[in-house]
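Worksheet: the structure to be examined is printed underneath.
None of these values were measured; they are calculated from a predicted model.
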Amino acid sequence: MTDQPARTRSGDVVEVRVPADSVYVSLLRTAVAAVAARLDFTVDEIDDLRIAVDEACALLLPDTAADAQLICRLTLGENALGIAVTAATRTGAAPEPTSFAWMVLTALAGEVSVDTSRDHETTIGLSKTRSIAP
């Protein structure tokens, strides 16, 4: 160990994998909050991201395949954080964009997207830009 503070670099990627079960979602929220804090997001922005990740997981969990994992991939930018929450699903159906959870996501994150693959893997992507103090 050194006495120098750890550096966070733009372009770094952090990936956390947990079983696709609601009891593990708090680990993803905590990881997102820790990374956002390293990027100097405000307390309100960090709370927004925690809630957004919770809602993304809530959209995915009801359709996850047996023994699936929730994969949360955080991509660090200079003033932004990209979050992708992925799970193997039974149907491969995209979350309903008119659902309450989807509306919460779009209100809390700067950009929200969904991607489904042929092998029924669904990814909900979020992007949030950090407020820059004047």
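Remark: the Thr91 side chain and the Asp63 side chain contain an N/O donor-acceptor pair separated by less than 3.5 Å. For Glu121 and Thr89, the side-chain atoms include no donor-acceptor pair closer than 3.5 Å.
Linking Ile, Leu, Val, Met, Phe, Trp and Tyr residues whenever their side-chain heavy atoms come within less than 4.5 Å places Ile83 and Leu61 in a single cluster. Cluster membership for Val13 and Val35, using ILVMFWY side-chain heavy atoms within less than 4.5 angstrom, is not shared.
Taking 4.5 Å as the limit, some side-chain heavy atom of Glu45 sits within range of a side-chain heavy atom of Thr42. At a threshold of 4.5 Å between non-hydrogen side-chain atoms, the residues Asp47 and Val43 count as touching. In this structure, Leu59 and Ser99 have side chains that are in contact, with non-hydrogen atoms separated by less than 4.5 Å. Side-chain contact between Ile71 and Val85 is absent, with no heavy-atom pair separated by less than 4.5 Å. Between Leu70 and Leu28 there is a side-chain heavy-atom pair separated by less than 4.5 Å. Between Thr86 and Thr122, every side-chain heavy-atom pair lies at or beyond the 4.5 Å cut-off.
Of all the heavy atoms in Val25 and Cys57, the pair that sits closest is CG2-CB, 3.9 Å. The minimum heavy-atom distance between Leu74 and Ala31, with the atom names listed, is CD1-O, 4.1 Å. Contact detail for Ala93 and Thr116: the closest heavy-atom pair is C-CG2, 4.2 Å. The heavy-atom pair separating Leu39 from Ala80 by the smallest distance is CD1-O, 3.9 Å. When all heavy atoms are compared, the tightest approach of Ile46 to Phe41 is CD1-O, 3.6 Å. The nearest pair of heavy atoms linking Arg90 to Ala65 is CG-CA, 3.8 Å.
Taking CD1 of Ile124 as the start and CG of Leu60 as the end, the distance is 4.0 Å to the nearest 0.5 Å. To the nearest 0.5 Å, atoms OG (Ser113) and CG (Leu105) are separated by 10.5 Å. Note: Glu55 CD to Thr106 OG1 = 10.5 Å, rounded to the nearest 0.5 Å.
Contact check on Asp48 versus Lys128 returns a salt bridge, with a Lys/Arg side-chain nitrogen under 4.0 Å from an Asp/Glu carboxylate oxygen.
Membership of an apolar cluster is not assigned to Met103, as no side-chain contact below 4.5 Å to another ILVMFWY residue is traced. Through direct or indirect side-chain contacts shorter than 4.5 Å among Ile, Leu, Val, Met, Phe, Trp and Tyr, Leu108 is connected to Ile51, Phe100, Val104.
Put simply, the side chain of Arg29 never gets that close to the backbone of Arg50: no donor and acceptor are under 3.5 Å apart. Between the side chain of His120 and the backbone N or O of Ala88 there is no donor-acceptor pair closer than 3.5 Å.
Around atom CG of Asp67, no more than 12 heavy atoms belonging to other residues, nucleotides or ligands sit under 6.0 Å away. More than 12 heavy atoms of other shown residues, nucleotides or ligands fall within 6.0 angstrom of atom CD in Glu15.
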Inset, instruction - Please lay out, stage by stage, how Val18 and Gln69 fare under the test side chain to side chain contact (heavy atoms under 4.5 Å, CB included). - result: CA-CA 6 Å; Val18 297; Gln69 291 185 322; over 6 Å; no
